[in-house]
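So the structure is just underneath, and the comments pick up after that.
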Amino acid sequence: MLESDRKVVRQALSAALAQAQAKGDLPVFPPPDFVVETPKEKSHGDLATNLALVSSGPSGLPPRQIATALVRYLERQPEIQQLVGRIEVAGPGFINFFFREGWLSRLFRAIEAEGDRFGCARAERPRRVLLEYVSANPVGPMVVVNARAAAVGDCLANLLSAIGHQVEREYYVNDAGRQAELFARSLNARYLQLAGREAPFPEEGYPGEYVTELAAEFLRSHPELVEMEESERVAFFKEKGVDRMVELQQQELARFGVHFDRWYRERDLHRAGKVEEALELLRQNGALYENEGATWFASTRWGDDKDRVVVKSDGEYTYMAADIAYHRDKYERGYDWVIDIWGPDHHGYIGRMRAAVAALGYDPDTFQVIILQLVTLLRGGQPVRMSKRAGEFITLDELLAEVGKDAARFFFLMRSPSAHLDFDLDLAREQSEQNPVYYVQYAHARIASLFRQAEAAGVTRPKASQVAVDLLTAPEETELARKLAAFPDEVRLAAERQEPHRLTHYAMEVASLYHSFYAHHRILGTEPGLEAARLYLSHATQVVLRNCLRLLGVGAPERM
RNA sequence: GCGCCCGUAGCUCAGCUGGACAGAGCGUUUGGCUACGAACCAAAAGGCCGGGGGUUCGAGUCCCUCCGGGCGCACCA
């Protein structure tokens, strides 16, 4: 049901309860939390509520008795009389609402009026959100787990925007740490080797082929580096080599349809003195102390398990020092909701970062971490073993070449972020016609084809206000329409709970209901009123599918 | 040892913050194209929701406990 209709019912219920209590038909108790939802079972009406059930405890009355009293007051309300044809008390004490046909007309008109915006909403309290995700070290190509983070983060950003928040997407580039140093030295070694010099490869360096390719690129563009001082050359690679890697990562993600508003460089954080600043602020807040030559952050005072070192005894900052400064900077830039997507190997990090946010004087509840579980690629039913350190892994580009952008994104978004994902490459590639993504896209393309056919026959889609919705009475028609009406709700739920996978499931349900409708009912060439109504239902389905796929970042093809 | 995630159909997973008979995709079996796309539809088989306690009118969902799997617990990033 449309959210606006649901709101009407919810308010009517609250009013009915208050009136029944005022008149003494029900004892006085504080209004409980209750839900107004679309029942799974269609014989239970268009909307149902558990108000009477949850009132049983506080009132001491049997649920059905409460429900009966509430219904008496509901039926007197003009808003309900207009909207609802029948109200029943069912099961243990549910109140079920059966809507008049007018709701379908309202759905069509809403879709006509809102078009591409159908499903979106204005937030009651819009927030400035900074969503940070992927943030892989700039030392190699995107790997599969980064791709999942990219898909999830991108979709989440779309969702939060859709419910009215102001969202910015950010990628944190760790270009100042040990990994960047190792990468530079690996690049340096390959460069010298290609130039015909003796050069030992660093012990924990990056052995991947891409490093050699990048070295070759530098040898062509900067042959003079051979004569440069070793430390100077490494510094050059740490700067330019990393920059080039970041560029390659940007291009790779762009091919996946993922774009960031900002690539935030850790390097800049250090150069602008923001790490010192942040630590100074912590010091002023009494959050730092010295012990055994190191500087510690007393994070336990803000709920962490143990205190953390921020400046090592050798004078170097820890990774965390920079990260504290980075998160402070996010707040300084004015965001009031900071969301990070991290891998499961970082979950032990949440407590200390939360503590840091609090110690800096910000509300830790505005800081949220989504832990995204890992991906296992399956080939021939067997996991594909990967090791970044050994230089053996499947890159995002390789995945795209194998299964395509739409299938990859859809697969990544099919599971809850907190669940491990098994990605079956054989299924995604060799049996691509079996993929859920094609099933959904097919429904969209099929509707596009229908309208091409209609156009050739000189039939045009009517205005929503002209559709005789009472002609849509078959179960395949009403069930489809009910599902379409739930779209704004689905978007809101997926956004509020940060669960993009709801959308892929919803899309499959809509596609399934449409295919069933299509198989059971002739559209073109039926009696004109019916033809128009079914065309409009098809149009509405297409709008919802397109909007849903756009939120997912998956294409909605006209032909396939 | 402590913390987090996960145990639901043969496989991979949903399950609307506690609701009305437990769902989907893949796989298996069977049927359906001389009108709009068969990348589709229809039907069937398949489950003590890991085990055991508890809270509740009501538990796959919340609490306790045990079992099994994954990942964390650095002056690494």
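Every chain is numbered from 1, with letters handed out A, B, ... down the list of sequences.
- Under the Watson-Crick and G-U wobble criteria, each requiring two contacts below 3.5 Å, nucleotide B/A45 is left unpaired.
- Comparing the P positions of B/C5 and B/U61 gives an interatomic distance of 16 Å, to the nearest angstrom.
- In this structure, A/Arg86 is positioned above the aromatic face of A/Phe98, its NZ or CZ under 6.0 Å from the six-membered ring centre and within 45° of the axis.
- One can place CZ of A/Phe94 at 15 Å from P of B/C57, the figure rounded to the nearest angstrom.
- Looking at A/Arg354, its side chain does come within 3.5 Å of a backbone N or O of A/Pro364 through a donor-acceptor pair.
- Looking at heavy-atom distances under 4.0 Å, A/His505 makes contact with sugar-phosphate atoms alone, never a base.
- Remark: P of B/C16 and NE2 of A/His501 are 9 Å apart, rounded to the nearest angstrom.
- Contacts of A/Leu53 with the nucleic acid, taken as non-hydrogen atoms under 4.0 Å apart, include base atoms.
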> side chain to side chain contact (heavy atoms under 4.5 Å, CB included) between A/Thr526 and A/Arg534: does it pass, once the steps are laid out?
Replying inline: CA-CA 10 Å; A/Thr526 53; A/Arg534 287 180 176 163; 4.1 Å; yes
>> Could you walk me through whether A/Glu132 and A/Lys330 satisfy the salt bridge (charged side-chain N to carboxylate O under 4.0 Å, His left out) test, starting with their C-alpha distance in whole Å, then the side-chain angles of each, then the deciding distance to 0.1 Å, before giving a yes or no?
In response: CA-CA 10 Å; A/Glu132 182 214 326; A/Lys330 290 182 181 178; 2.7 Å; yes
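- Using C1' as the reference atom, B/C67 and B/G52 are 11 Å apart when rounded to the nearest Å.
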> Which nucleotides of nucleotides 4-10 of chain B have their base under 4.0 Å from a protein heavy atom (B), which only their sugar-phosphate (S), and which neither (-), written as one string 5' to 3'?
Replying inline: BSS----
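- A/Glu292 comes within 4.0 angstrom of a base, heavy atoms only.
- Comparing the same atom, C1', in B/G10 and in B/G47 gives a spacing of 12 Å after rounding to whole Å.
- Contact check on A/Arg265 versus A/Asp243 returns a salt bridge, with a Lys/Arg side-chain nitrogen under 4.0 Å from an Asp/Glu carboxylate oxygen.
- Pairing each heavy atom of A/Arg482 with each of A/Gly45, the nearest pair is NH1-O, 3.1 Å.
- The same atom, P, is picked in B/G68 and in B/C21; the two are 36 Å apart, to the nearest Å.
- The interatomic distance linking A/Leu47 (CG) with B/A20 (P) rounds to 16 Å, in whole Å.
- Look at the C1' atom in both B/A45 and B/A9: the space between them is 11 Å, to the nearest Å.
- Side chain of A/Arg267 to main chain of A/Glu239: a donor-acceptor pair is present (N/O by atom type, distance under 3.5 Å, no hydrogens or angles).
- A/Pro63 comes within contact range of no nucleotide atom at all, as no heavy-atom separation falls under 4.0 Å.
- Distance A/Asp304 CG to B/G3 C1': 12 Å, rounded to the nearest Å.
- Around the CG atom of A/Asp365, the shell of radius 6.0 Å holds more than 12 heavy atoms that belong to other residues, nucleotides or ligands.
- Judged by a 6.0 Å distance limit and a 45° cone about the ring axis, A/Arg283 is not positioned over the six-membered ring of A/Phe297.
- Here A/Asp33 lies out of heavy-atom contact (under 4.0 Å) with every strand.
- Between A/Ser516 and B/C40 there is no side-chain N or O to OP1 or OP2 distance below 4.0 Å.
- Rounded to whole Å, the P atom of B/U29 lies 34 Å from the corresponding atom of B/G70.
- The same atom, C1', is picked in B/U30 and in B/G54; the two are 47 Å apart, to the nearest Å.
- Between the NZ atom of A/Lys306 and the P atom of B/C2 there is a distance of 15 Å, given to the nearest Å.
- Among the heavy atoms of the strands lying under 4.0 Å from A/Ala48 is at least one base atom, whether or not backbone atoms are also near.
- Between A/Arg178 atom CZ and B/C75 atom P the separation is 15 Å, expressed in whole Å.
- Along RNA chain B, the nucleotide closest to A/Pro92 and the one closest to A/Leu374 are compared, and the more 5′ of them pairs with A/Pro92.
- In this structure, A/Glu476 atom CD and B/C40 atom P are separated by 18 Å, rounded to whole Å.
- If you check B/C2 for Watson-Crick or wobble pairing at under 3.5 angstrom, you find it paired to B/G72.
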> Base, backbone or nothing for each nucleotide of nucleotides 31-38 of chain B, written B, S, -, heavy atoms under 4.0 angstrom, 5' to 3'?
Replying inline: ----BBBS
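- Of all nucleotides listed (B/U17, B/C40, B/A77), B/A77 comes nearest to the side chain of A/Asn137.
- Between the side chain of A/Gln441 and the main chain of A/Gly555, a donor-acceptor pair closer than 3.5 Å is present.
- Put simply, the side chain of A/Ser299 gets close to the backbone of A/Lys306: a donor and an acceptor are under 3.5 Å apart.
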>> As a quick check of understanding, evaluate salt bridge (charged side-chain N to carboxylate O under 4.0 Å, His left out) for A/Glu37 and A/Arg6, giving each step before the final call.
In response: CA-CA 8 Å; A/Glu37 60 184 2; A/Arg6 215 165 64 151; over 6 Å; no
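- Comparing A/Asn291 and A/Val54 along RNA chain B, the residue whose closest nucleotide (by nearest heavy atom) sits nearer the 5' end is A/Val54.
- For the C1' atoms, the distance linking B/U12 with B/C6 amounts to 14 Å, nearest Å.
- Remark: the A/Asn50 side chain and the B/A20 base include no donor-acceptor N/O pair separated by less than 3.5 Å.
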